[in-house]
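One structure is given below, encoded as structure tokens.
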Amino acid sequence: MGDDSMGTPTGSHRRRAGGGRGRRRKVRARRKGWRIAAWTTAGVVVAGGVGAGFLYFKFNGNLTSVDINAALGKNRPANIDNGSQDILVLGSDSRAGDNGKYGKDEGSSRSDTAMIVHVYAGHKKASVVSIPRDTMVPRPACKMPDGKTSPAVKRAQFNEAYTVGGAACAVATVEQMTNIRMDHYMEVDFAGFQKLIDKLGGVQVTTTKPIRDKWSHLNLEPGTHTLNGEQSLGLVRTRHGVGDGSDLGRIKLQQAFIKALLDQVKHIGLFTSPTKLYGIADTATKTLTTDSELGSLEKLSSFADGLKGIGSGDMHMVTLPVGDDPIDANRVAPMPEQSKQLWDALRSDQPIPDSAVKDGAGAKTGADDVVK
């Protein structure tokens, strides 16, 4: 890979989208449906609402972006312009600042949650592939924050890529895994996610079993609940309180929560409340980090507008097919044949076949249907 040019976010970058990407739609700023799918698509929620010019310069100045194209150079998978899009969405688990109550700040952060969102040509349907954070994969050489280069390794835990080299290293690792070029990158952290849910007024979920996890500060009885930001964060982070206690079980909860969030956003009436819209816009634009091609409010709004027709029922959510890692029993590894089927399908803009995911370790974790 183009290792010597990788970098981490240093602030807002402004750069025109290049390479004939005729995938952007005209700005029209409306609904938020799918946009929360970006790690709960958290930050993009606002883009549509403010794109029409509502305090444009203030919110535009809130955005942070990283120039992935400049960081990775030309040594990337081919940019297949067939009308589809692939977006890497990360949730960062930094313990710095407001995130400190979730654990000790050890001076680094990892991608606590990772999803590849594939939007099919026509932008009516999408597939979302969750990558378990403890998946062992090859990692390319990456430029570290101090300017030095971390050499490529044959075995690394997936979420360490972000720790080593930030957004660019995470994208490079995903592209090496999948041979699919990521068109965009989005990232939101713990504190930002919690604040955004509070601004939205919470999210309603129905639990079929009790969920109790002292590590994520979550204690829910079976029934219907409107979760505030802290409870929502606890739900998407919990793994000890449900199923087999694995990260794979937690992914099931994250996927269920995202669908609940998408459904709720359609009914909260943001555009009838300027005060609520302002709060959400300000919070989300401060929370979100994107690639530079989405690094302005106008570009982000245009991107989001092109996805407004995708609802929770139009999203196929799966987990990367993994099995026990042959070297470390506490880690998992991609199942070669099934993973190839999955990535080949997305590369060809085809639905993911059932045979690609039915036998993976994430297929049944005991966390299925805990949240509806």
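Counting from 1, the numbers follow the sequence of the chain as shown.
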Charged N to carboxylate O below 4.0 Å: is that the case for Glu230 and Lys195? no
With sequence neighbours left out, write down each residue that passes side chain to side chain donor-acceptor pair (under 3.5 Å) with Ser130, or none if nothing qualifies. Gln255
Under 3.5 Å donor-acceptor, Tyr162 side chain and Cys169 backbone: no
Could you note down all residue pairs passing salt bridge (Lys or Arg N to Asp or Glu O under 4.0 Å) where residues 345-356 supplies at least one of them, sequence neighbours left out? Asp344-Arg347
When you measure from the side chain of Glu187 to the backbone N and O of Thr289, does any donor-acceptor pair fall under 3.5 Å? no
Salt bridge (Lys or Arg N to Asp or Glu O under 4.0 Å) against Lys286, all qualifying residues, sequence neighbours excluded: Asp282
The single option from Val332, Ile131, Val357 that satisfies side-chain contact (heavy atoms from CB on, under 4.5 Å) with Leu320 is Ile131
Is a donor on one side and an acceptor on the other found under 3.5 Å between the side chain of Glu175 and the backbone of Ala172? no
Using modelled atom types and a 3.5 Å cut-off, is there a donor and acceptor pairing between side-chain atoms of Arg250 and backbone atoms of Arg237? yes
Under a plain distance cut-off of 3.5 Å, with no hydrogens placed, do Gln204 and Thr224 share a side-chain donor-acceptor pair? no
Have Asn219 and Arg212 got a donor and an acceptor in their side chains that come within less than 3.5 Å? yes
Within the distance-only criterion (no hydrogens, no angle test), does the side chain of Ser232 pair as donor or acceptor with the backbone N or O of Asn228 below 3.5 angstrom? yes
Do the side chain of Asn60 and the main chain of Leu297 share a donor and acceptor less than 3.5 angstrom apart? yes
Got a donor-acceptor contact below 3.5 angstrom from the Thr135 side chain to the Pro132 backbone? yes
